[in-house]
There are 2 protein chains.
Amino acid sequence: MKELQEVDFQKLDNQLCFPLYAASRLITKCYQPLLKDFELTYPQYLVLMVLWEQDKVPLNYLSEKLYLQSNTLTPLVKRMEEMQLVTRQRSKEDERSVLISLTEKGQSLKCEAKEVPTQLVANFDKMTTEELKLLHQLLYKLIGNFEE
Amino acid sequence: MKELQEVDFQKLDNQLCFPLYAASRLITKCYQPLLKDFELTYPQYLVLMVLWEQDKVPLNYLSEKLYLQSNTLTPLVKRMEEMQLVTRQRSKEDERSVLISLTEKGQSLKCEAKEVPTQLVANFDKMTTEELKLLHQLLYKLIGNFEE
DNA sequence: TACTTTTATATCGTGAACGATATAATCGAA
DNA sequence: TTCGATTATATCGTTCACGATATAAAAGTA
């Protein structure tokens, strides 16, 4: 078995980052037909998932959860506001913060889109439950590596 | 231990796709300071890696290797042409194909950027070699799932 | 050969991502 | 209290990504 030090890292197949990048896009693409029924993009769906767990949060709460900055989230959330999924209001305690809240339409999507994750998992039928769990753990460990 | 069927998939932390998405972006961000020395973006670097292994290939070869379509690759490669990294020429055997070749500048980057991957791996210092190998394998298995 | 189909790129429009920077509110220290 | 530093968003510009569609060449077929 080759040691890590001997591997030619300039080969695409040996990169760790490339399969991450590819897998991420492939799975996002799998979400698309499922989310299309609700006129949602994947990042918009992520914002909803955060809000379904904790409603009425400042933008920087979304930022921390999703690892996205205001330059991405501000326009994204504004589009969701136009779609009547969320509302944005300045916090009275701290005028710098903008509180994002679910509208009724945004809340009702939680039930309506309930089957999306299970429908998605069907795509991983060639991987065992153990493998999926392990992958999940390793990815979170990797992410934790960057939160010093 | 919870069975997969019992997990609440509508919670962000239980999603497999989200850590993939997050990890991919986090690592791409790690590449950026390293690639900045060469004025490269990460997708441009990926194109170079493919060409370093096999030069003068049609666009659809890049497409297959990187899982990117012509609507992404055409403008991306054109920018690389403007940067004098590659040349584009219609194939004489098949006028539909565009052959992408490295310029001298593009070739010389292979040596100049040699240390980029090893510099990047330094960011994974909290993960063992075994874990990284395992992650690599699982990701390729996942990707393989989508190549029916 | 004439036609349909397939294949390889390209174009267009939209929505992320993100570096750099701006703006305004709050905090903190002298 | 005053003013510099920090914090929370927002704006701008560039580069992906990708669905939908267009175009032209090549391949297949009657």
Side-chain angles (χ1 to χ4, degrees), chain A residues 17-18 20-36 39-47 57-83 85-86 88-100, chain B residues 17-18 20-36 39-47 57-83 85-86 88-100:
Chain A
C17 192
F18 172 67
L20 267 172
Y21 164 79
S24 172
R25 287 187 299 108
L26 283 169
I27 298 187
T28 303
K29 215 178 274 190
C30 285
Y31 264 109
Q32 219 157 351
L34 303 175
L35 295 177
K36 201 180 181 181
E39 308 272 16
L40 290 173
T41 65
Y42 181 65
Q44 289 168 3
Y45 177 64
L46 290 177
V47 167
V57 294
L59 194 79
N60 74 10
Y61 181 86
L62 297 178
S63 177
E64 281 171 29
K65 289 281 180 182
L66 301 177
Y67 307 97
L68 290 168
Q69 296 159 338
S70 69
N71 49 7
T72 300
L73 283 172
T74 295
L76 197 158
V77 172
K78 277 186 179 174
R79 278 189 287 271
M80 293 178 74
E81 190 182 29
E82 285 169 20
M83 297 163 71
L85 293 171
V86 300
R88 289 156 16 94
Q89 54 181 136
R90 287 277 163 188
S91 165
K92 278 160 190 163
E93 289 75 41
D94 186 341
E95 285 278 344
R96 294 171 301 180
S97 291
V98 173
L99 297 175
I100 318 295
Chain B
C17 191
F18 173 67
L20 267 171
Y21 164 79
S24 172
R25 287 186 300 109
L26 283 169
I27 299 186
T28 303
K29 216 177 274 189
C30 285
Y31 264 109
Q32 218 156 351
L34 305 174
L35 295 177
K36 201 179 179 180
E39 309 271 15
L40 289 173
T41 65
Y42 181 65
Q44 288 167 4
Y45 176 64
L46 289 178
V47 167
V57 292
L59 193 79
N60 73 11
Y61 182 86
L62 298 177
S63 177
E64 280 170 30
K65 288 280 180 184
L66 301 177
Y67 308 97
L68 289 169
Q69 297 159 339
S70 68
N71 49 6
T72 300
L73 283 172
T74 296
L76 198 158
V77 171
K78 277 187 179 174
R79 279 188 287 272
M80 294 178 75
E81 190 182 29
E82 284 169 22
M83 298 163 70
L85 294 171
V86 299
R88 290 158 14 95
Q89 53 180 137
R90 286 278 163 187
S91 164
K92 278 162 193 162
E93 289 76 40
D94 186 339
E95 286 277 344
R96 291 172 303 179
S97 291
V98 173
L99 297 174
I100 319 295

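First the proteins, then the strands, lettered A, B, ... as listed; each starts at 1.
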Could you tell me the separation between the CG atom of L40(A) and the CG atom of L34(A), rounded to the nearest 0.5 Å? 11.5 Å
Does dG15(C) have its OP1 or OP2 closer than 4.0 Å to a side-chain nitrogen or oxygen of K78(A)? no
Nearest-Å distance for atom pair CG/C1', residues L66(A) and dA16(C): 13 Å
Does dC16(D) have its OP1 or OP2 closer than 4.0 Å to a side-chain nitrogen or oxygen of Y21(A)? no
Side-chain N,O (Q44(B)) to OP1/OP2 (dC16(D)) below 4.0 Å: yes
Roughly how far apart are Q44(B) CD and L35(B) CG, rounded to 0.5 Å? 9.0 Å
Reckon L73(B) touches a base, only the sugar-phosphate, or nothing at all at heavy-atom distances under 4.0 Å? nothing
Report which part of the nucleic acid P75(B) touches: base, sugar-phosphate, or nothing (heavy-atom distance under 4.0 Å, all strands). nothing
Quick one: pull up CD1 in I100(B) and CG in L62(B) and give me the separation to the nearest 0.5 Å. 6.0 Å
Please walk me through it: do R88(A) and L59(A) pass side chain to side chain contact (heavy atoms under 4.5 Å, CB included)? CA-CA 9 Å; R88(A) 289 156 16 94; L59(A) 194 79; 5.8 Å; no
Quick one: Y67(B) OH to dC16(D) C1', roughly how many Å, whole number? 19 Å
Over 60° means perpendicular and under 30° means parallel, so tell me whether Y31(A) and Y45(A) are parallel, tilted or perpendicular. tilted
Send over the distance from E39(A) CD to dG15(C) P, rounded to a whole Å. 11 Å
Tell me: CD of E81(A) to P of dG15(C), nearest whole Å? 15 Å
Strictly below 4.0 Å: does K92(B) bring a side-chain N or O up to OP1 or OP2 of dA25(D)? no
Check this one for me: any side-chain N or O of K36(A) less than 4.0 Å away from OP1 or OP2 of dC18(D)? no
OG1-CZ distance between T28(B) and F18(A), expressed to the nearest 0.5 angstrom: 11.5 Å
OP1, OP2 of dC18(D) versus side-chain N and O of Q32(A): anything below 4.0 Å? no
What is the distance, rounded to the nearest whole Å, between atom CG of L35(B) and atom P of dC18(C)? 14 Å
Whole-Å distance, R88(B) CZ to dA8(C) P, equals 16 Å
Can you give me the closest heavy-atom contact between L66(A) and V47(A), atom names plus distance? CD1-CG2, 3.8 Å
To the nearest Å, give me how far apart OH (Y31(A)) and P (dC18(D)) are. 16 Å
Rounded to whole Å, the CZ-P distance (R79(A) to dA10(D)) equals 13 Å
Check whether any side-chain N or O of Q69(A) sits under 4.0 Å from OP1 or OP2 of dG19(C), and answer yes or no. yes
Among the nucleotides dA8(C), dC12(C), dA16(C), which one has an atom lying closest to any side-chain atom of T72(A)? dA16(C)
What nucleotide, of dA17(C), dA26(D), dA25(C), holds the atom closest to the side chain of E95(B)? dA26(D)
Return the nearest nucleotide to the side chain of D94(B); candidates are dC18(D), dA26(D), dG19(C). dA26(D)
Verify the contact: side-chain N or O of N71(A) to OP1 or OP2 of dA20(C), cut-off strictly under 4.0 Å; return yes or no. no
Between dC18(D), dA26(D), dG19(C), which nucleotide has the shortest distance from any of its atoms to the side chain of R96(B)? dA26(D)
Report the residue (R90(A) or T41(B)) whose heavy-atom-nearest nucleotide on DNA chain D is the more 5′ of the two. R90(A)
Does the dA10(D) base have a donor-acceptor partner in the side chain of S70(A) within less than 3.5 Å? yes
Can you tell me if S97(A) touches the phosphate of dT9(D), counting only side-chain N or O atoms and a distance under 4.0 Å to OP1 or OP2? yes
Contact under 4.0 Å: Y61(A) side-chain N or O vs dA8(D) OP1/OP2: no
From the list dC18(D), dT9(D), dC18(C), which nucleotide is the closest neighbour of the side chain of L68(B)? dC18(D)
